[in-house]
Number of protein chains: 2
Amino acid sequence: MNKRLASPTASVMLDETDRTLLSALADDARQPVSELARRVGLSAPSTAERLRRLEAQGVIEGFTVRLNPCALGYTLQAIVRVKPLPGQLHLVEEVIRRIPEFVECDKVTGDDCFIARLYLHSIDQLDEILAKVTERAETSTAIVKSTPVARRLPPLP
Amino acid sequence: MNKRLASPTASVMLDETDRTLLSALADDARQPVSELARRVGLSAPSTAERLRRLEAQGVIEGFTVRLNPCALGYTLQAIVRVKPLPGQLHLVEEVIRRIPEFVECDKVTGDDCFIARLYLHSIDQLDEILAKVTERAETSTAIVKSTPVARRLPPLP
DNA sequence: CCTGAAAGTAGCACCGC
DNA sequence: GCGGTGCTACTTTCAGG
């Protein structure tokens with residue numbers, strides 16, 4: 001579901017300072033405001049106010065940690081397309097939501113209703129987890145071999 | 001490509017405190033160490049050292065900002081499967097990497113070589129952007145209608 | 001892993017443009 | 001409107017236990 005905006009009508013206007021600030025935060029969200037201020041060439045209070053404004057406008061949703069799945073023992077990643085059997089759509093969504101190894105799931109147009117990302121400790125785990133889904137849906141699974149583009153910022157307006 | 005670990009052999013061991021800490025950081029990565037300390041029930045210095053250890057071990061890759069695509073004018077999101085034409089695999093990867101609206105791309109097993117996520121200002125932009133890819137690959141596109149599971153942490157060991 | 005002191009940082013009120 | 005300065009309170013870091 002698309003998040004509501006503080007300003008409901010149009011896309012927020014950003015200036016060069018905002019863009020630099022957002023890039024710096026994308027790079028390291030825990031750096032102090034004083035350091036961010038140095039990077040954007042403003043005083044700390046002004047920078048802090050920019051930050052608050054971007055949060056209030058809804059541009060910034062929050063700040064989060066990026067974990068290394070391998071360090072947690074997730075040596076495999078799969079992308080699963082899921083096509084629920086007739087009448088099973090809502091249940092399938094609930095099943096996916098309840099399996100914590102599904103770290104992300106989008107409902108999409110087209111033949112496959114859901115596209116989800118799955119973290120696995122080993123290939124054995126794949127059948128084990130998908131068994132809970134295949135009762136109610138057809139699945140097709142692709143194993144991730146590499147990630148040419150890791151999550152990055154889109155172009156900023 | 002899977003990231004190398006500080007400890008090359010096995011998955012890092014986490015205790016309950018580490019798990020609480022990581023969850024708290026996933027929730028808000030910018031909260032002060034003193035606040036994190038309160039949540040895990042440790043002193044600030046001990047919490048800060050945990051944090052440093054988790055980064056050194058490679059469990060924590062970094063901290064980043066979550067932006068609201070709608071606020072930036074990206075009213076549409078698409079997931080594109082890409083099957084390069086013979087001999088075009090490397091070029092296709094490069095083309096995707098160069099188009100900043102592709103915010104994520106995985107190389108996967110199976111018929112479709114790449115699965116990528118695309119941010120769009122409008123549906124018109126879809127053809128415009130995919131034109132650069134379809135010279136060298138077959139694509140199939142699914143528009144995101146909603147996101148039942150937004151990026152979340154997997155189960156922590 | 002904790003306490004305590006020193007350095008650094010953030011938040012606030014107020015001023016200037 | 002937006003940004004800067006100076007003060008106070010908080011937070012982080014390091015020492016030592």
Side-chain angles (χ1 to χ4, degrees), chain A residues 4-68 71-72 153 155-157, chain B residues 5-7 10-68 70-73 153 156-157:
Chain A
R4 272 268 163 272
L5 290 182
S7 50
T9 44
S11 148
V12 168
M13 284 302 285
L14 304 179
D15 62 14
E16 192 53 36
T17 302
D18 290 322
R19 283 188 287 268
T20 310
L21 188 53
L22 293 176
S23 299
L25 286 168
D27 192 51
D28 176 11
R30 270 190 77 79
Q31 58 190 311
V33 173
S34 57
E35 174 65 20
L36 293 168
R38 208 185 50 71
R39 296 205 187 183
V40 303
L42 253 56
S43 70
S46 307
T47 306
E49 203 192 314
R50 292 262 185 171
L51 236 167
R52 277 191 296 271
R53 209 197 64 218
L54 289 166
E55 290 196 65
Q57 285 176 141
V59 174
I60 293 177
E61 277 189 357
F63 304 95
T64 148
V65 62
R66 291 186 301 115
L67 299 186
N68 178 353
L72 301 172
L153 294 189
L156 301 177
Chain B
L5 290 182
S7 52
S11 147
V12 169
M13 284 302 286
L14 304 180
D15 63 14
E16 193 53 37
T17 303
D18 290 324
R19 282 188 288 268
T20 310
L21 189 54
L22 292 176
S23 299
L25 286 168
D27 192 52
D28 177 10
R30 271 190 76 81
Q31 58 190 310
V33 172
S34 58
E35 175 65 19
L36 293 168
R38 208 187 50 71
R39 296 204 187 186
V40 302
L42 254 54
S43 70
S46 305
T47 306
E49 204 192 314
R50 292 258 184 172
L51 237 168
R52 277 191 296 271
R53 208 197 65 217
L54 289 166
E55 290 196 63
Q57 286 176 141
V59 174
I60 294 177
E61 277 189 357
F63 304 95
T64 153
V65 64
R66 290 186 302 114
L67 299 186
N68 179 352
C70 297
L72 301 171
L153 295 189
L156 301 177

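Just so you know, these numbers use all the heavy atoms, side chains as well, and skip hydrogens, waters and symmetry mates. Below, chain A is the first sequence line, B the second, and so on; all start at residue 1.
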(request) Would you give a per-nucleotide map of nucleotides 1-12 of chain C, 5' to 3', where B means the base has a protein non-hydrogen atom under 4.0 Å away, S means only the sugar-phosphate does, and - means neither? (result) SBBB----SS-B
(request) Output, in order, the C-alpha distance, side-chain angles, deciding distance and verdict of salt bridge (charged side-chain N to carboxylate O under 4.0 Å, His left out) for B/Glu35 and B/Arg38. (result) CA-CA 5 Å; B/Glu35 175 65 19; B/Arg38 208 187 50 71; 2.9 Å; yes
(request) Count the heavy atoms belonging to other residues, nucleotides or ligands that lie under 6.0 Å from CD of B/Glu49, then report whether that count exceeds 12. (result)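 Result for CD/B/Glu49: open.
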(request) Taking salt bridge (charged side-chain N to carboxylate O under 4.0 Å, His left out) as the test, write out the residues that go with A/Arg30, two or more places apart. (result) none
(message) Please list, in numerical order, the residues of residues 19-29 of chain B that have a heavy atom closer than 4.0 Å to any atom of DNA chain C.
(response)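 The answer is none.
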(message) Within this structure, what is the CZ-CG distance for the pair B/Arg66 and B/Asp28, rounded to the nearest 0.5 Å?
(response) 9.5 Å
(request) To the nearest 0.5 Å, tell me how far B/Ile60 CD1 sits from B/Arg52 CZ. (result)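 Interatomic distance, B/Ile60 CD1 to B/Arg52 CZ, rounded to 0.5 Å: 12.0 Å.
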For residues 39-47 of chain A, run the donor-acceptor check on the side chains, cut-off 3.5 Å, and write out each pair with its distance to 0.1 Å, sequence neighbours left out.
unit_1	atom_1	unit_2	atom_2	d
A/Arg39	NE	A/Gln31	OE1	3.4
A/Arg39	NH2	A/Gln31	OE1	3.3
A/Ser43	OG	A/Ser46	N	3.4
A/Ser43	OG	A/Ser46	OG	2.9
A/Thr47	OG1	A/Ser43	O	2.8

(request) Quick one: closest heavy-atom pair of A/Val65 and B/Ala29, and the distance? (result)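 Taking A/Val65 first and B/Ala29 second, the nearest heavy atoms are N-CB, 4.1 Å.
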(message) Looking at every heavy atom in both B/Val12 and B/Pro157, which two are closest together, and how far apart are they?
(response)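 Looking at all heavy atoms of both residues, the shortest contact is O-CG, 4.1 Å.
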Considering only distance and modelled atom types, tabulate donor-acceptor pairs under 3.5 Å from the side chains of residues 20-27 of chain A, sequence neighbours left out.
unit_1	atom_1	unit_2	atom_2	d
A/Thr20	OG1	A/Glu16	O	2.9
A/Ser23	OG	A/Arg19	O	3.0

(request) Side-chain contact test, heavy atoms from C-beta onward, threshold under 4.5 Å: evaluate it for A/Val59 versus A/Asp18 and give yes or no. (result)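 Not in contact.
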(request) Enter the inter-axis angle for the ends of the helix from C/dC1-D/dG17 to C/dC17-D/dG1 (five pairs per end, rounded to 10°). (result) 30°
(message) If I take atom CE in residue A/Met13 and atom P in nucleotide D/dG1, what distance separates them, rounded to the nearest angstrom?
(response)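 The distance from CE of A/Met13 to P of D/dG1 comes to 18 Å, rounded to the nearest Å.
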